[in-house]
Amino acid sequence: MTDIRTHLVAGRLTAALVGLVGVLLAFPMLALPTHAILQKPPYAADPDASPFRLSVWSWGHVADTTGNTDGQIDVGSPTGLFIFVVALAVGLAGVVAYAFRPGTDGRILGVAGLAWAGSHVVGGLGHRLGDTLSGLFDDGDQLVVQTLPAGYLEVASAALLVVSLGLLVLRPLVALVRSAVVRAGALARRLSARGETSDAAGTTEPATPRVGIATIRDVPGGPEVRAAGRREHAGTGVGFSDDPAADPDRFRPPR
C-alpha cells in the first residue's frame with residue numbers, strides 16, 4: 001500500500017492539519033444547538049414548572065426545548081442547513097486539494113474552500129456573540145444566553161479555520177510585501193537622484209543631453225599619401241562634435 005505521505009506536498013502538512021481539525025469540529029453543529037436562551041429564576045408560579053428554554057442552531061434552526069411544553073416554537077431552516085453542509089464539504093475538499101495538489105492550483109483551492117467554511121462558522125459565532133453583548137436579553141427581560149458544548153466547539157473551529165487561512169496565505173503575503181518594499185525603495189532612490197540632478201543644474205527640470213554624430217574624415221591622395229596621412233593623423237580618422245556650427249548637417253538634437 002502506497003504511503004499517503006509520499007503524495008503530500010512538502011511544507012503544507014501543518015496548515016492542512018489545522019484546517020482539517022477546524023472543519024471537523026464544526027460537524028457537531030449540524031445536529032446540536034450552539035446556545036440557548038434561558039429564563040432566570042423565579043421561573044413561574046408553579047415550582048414544578050421547567051424554565052423557558054429556547055435552543056438555537058448556528059445554521060438558523062430555533063426551537064423551544066423547555067421540556068414540559070409541546071414546543072410551540074420550532075422554526076427550521078432547510079436552506080441554511082443545506083448551505084452549511086455544502087460549506088463544510090467544500091472546506092474538506094479545499095484541505096485535500098491544498099495538501100495533495102502542488103503549485104498555485106492547490107493553494108487557491110485550499111484558500112477558497114477554507115474561506116467558505118470559515119465564513120459560515122465565524123458568521124454563526126459572530127451572531128451569537130452579538131446577541132450576548134448587545135444586551136438584547138438583559139436583566140429586565142429575565143433572560144440569559146447560555147453557551148452549550150457545541151458553542152465551545154464553534155469557537156475552537158472558528159479559531160482554527162482562521163489560523164489555517166493565515167498559514168495558507170502567509171508565504172504569498174510576505175512575498176508581496178517584500179516586493180512592494182523593494183519597489184518603493186527603488187522609486188525613492190530614483191526620485192532622490194532626480195532631485196539632486198535638478199538642484200545641481202539650478203533648475204527644476206533635468207538638463208537635456210547633447211548628442212553628437214560621428215564623422216569619418218577621409219585623407220585625400222593616393223595610397224602612399226593616404227598611408228602617410230594615416231600615420232600623421234593617427235587617432236583623428238573618427239571624431240565627435242557637439243557644436244552645430246562645425247557640422248550643421250550631421251548634428252541633430254535628441255528626440
Would you say that P28 contacts L153 through its side chain, given a criterion of any heavy-atom pair below 4.5 Å between the two side chains? yes
Heavy-atom nearest pair, L109 first then A97, reads CB-CB, 3.7 Å
Side-chain contact test, heavy atoms from C-beta onward, threshold under 4.5 Å: evaluate it for V9 versus F100 and give yes or no.
-> no
query = Between T147 and T34, is any pair of side-chain heavy atoms under 4.5 Å apart?
reply = no
- [ ] Decide whether L168 and L161 are clustered together by the hydrophobic rule: side chain heavy atoms of Ile, Leu, Val, Met, Phe, Trp, Tyr closer than 4.5 Å, transitively.
- [x] yes
V18-V95 co-clustered via ILVMFWY side chain contacts under 4.5 Å: no
- Task: Using a 4.5 Å cut-off on heavy atoms from C-beta on, say whether the side chain of L170 contacts that of V174.
- Result: yes
Quiz prompt | L32/L148 under side chain to side chain contact (heavy atoms under 4.5 Å, CB included): CA gap, chis, key distance, verdict | solution = CA-CA 9 Å; L32 300 176; L148 302 177; over 6 Å; no
Residues passing the salt bridge (charged side-chain N to carboxylate O under 4.0 Å, His left out) test with R53, sequence neighbours excluded, are none
In terms of hydrophobic clusters joined by side-chain contacts under 4.5 Å, are L165 and V23 together?
yes
Exercise. Step by step, would you call I83 with H120 a side chain to side chain contact (heavy atoms under 4.5 Å, CB included)?
Worked result: CA-CA 9 Å; I83 294 176; H120 285 271; 3.1 Å; yes
| Quick one: does S192's side chain have a donor or acceptor within less than 3.5 Å of a partner on R189's backbone? | no
- W116 (side chain) donor-acceptor with V111 (main chain) under 3.5 angstrom: no
Does H127, at its NE2 atom, have more than 12 non-hydrogen atoms belonging to other residues, nucleotides or ligands within less than 6.0 Å? no
For L25 and S157 the tightest heavy-atom approach is CB-CB, 3.9 Å
Under a 4.5 Å cut-off applied to non-hydrogen side-chain atoms, are T65 and L54 in contact?
no
Discussion item. Quick check: do V122 and V162 have side-chain heavy atoms less than 4.5 Å from each other?
Written reply: yes
Open item on the list: So does A36 get a backbone contact from the side chain of Q146, meaning a donor-acceptor N/O pair under 3.5 Å?
Closed with: no
Closest heavy-atom pair, A31 versus W57, reported as atoms and distance to 0.1 Å, is O-NE1, 3.0 Å
Interatomic distance, OG1@T14 vs CG@L167, rounded to 0.5 Å, equals 7.5 Å
On a heavy-atom basis, the closest approach of P172 and R107 is CG-CD, 3.8 Å
A87 and A117 have their tightest heavy-atom pair at O-CB, 3.5 Å
- Classify the side-chain pair S58/R128 by whether it contains a donor and acceptor separated by less than 3.5 Å. no
With the side chain counted from C-beta on, respond yes when F27 and L92 share a heavy-atom pair under 4.5 Å apart, and no when they do not.
yes
V121 and F84 have their tightest heavy-atom pair at CG2-CE1, 4.3 Å
Quiz prompt | In one Ile/Leu/Val/Met/Phe/Trp/Tyr side-chain cluster, 4.5 Å: M29, L81 | solution = yes
Checklist entry - Would Y98 and L24 show up in the same hydrophobic cluster when neighbours are defined by side-chain heavy atoms closer than 4.5 Å? => result yes
Look at the side chain of R12 and the backbone N and O of R101, then say whether any donor-acceptor pair between them is shorter than 3.5 Å. yes
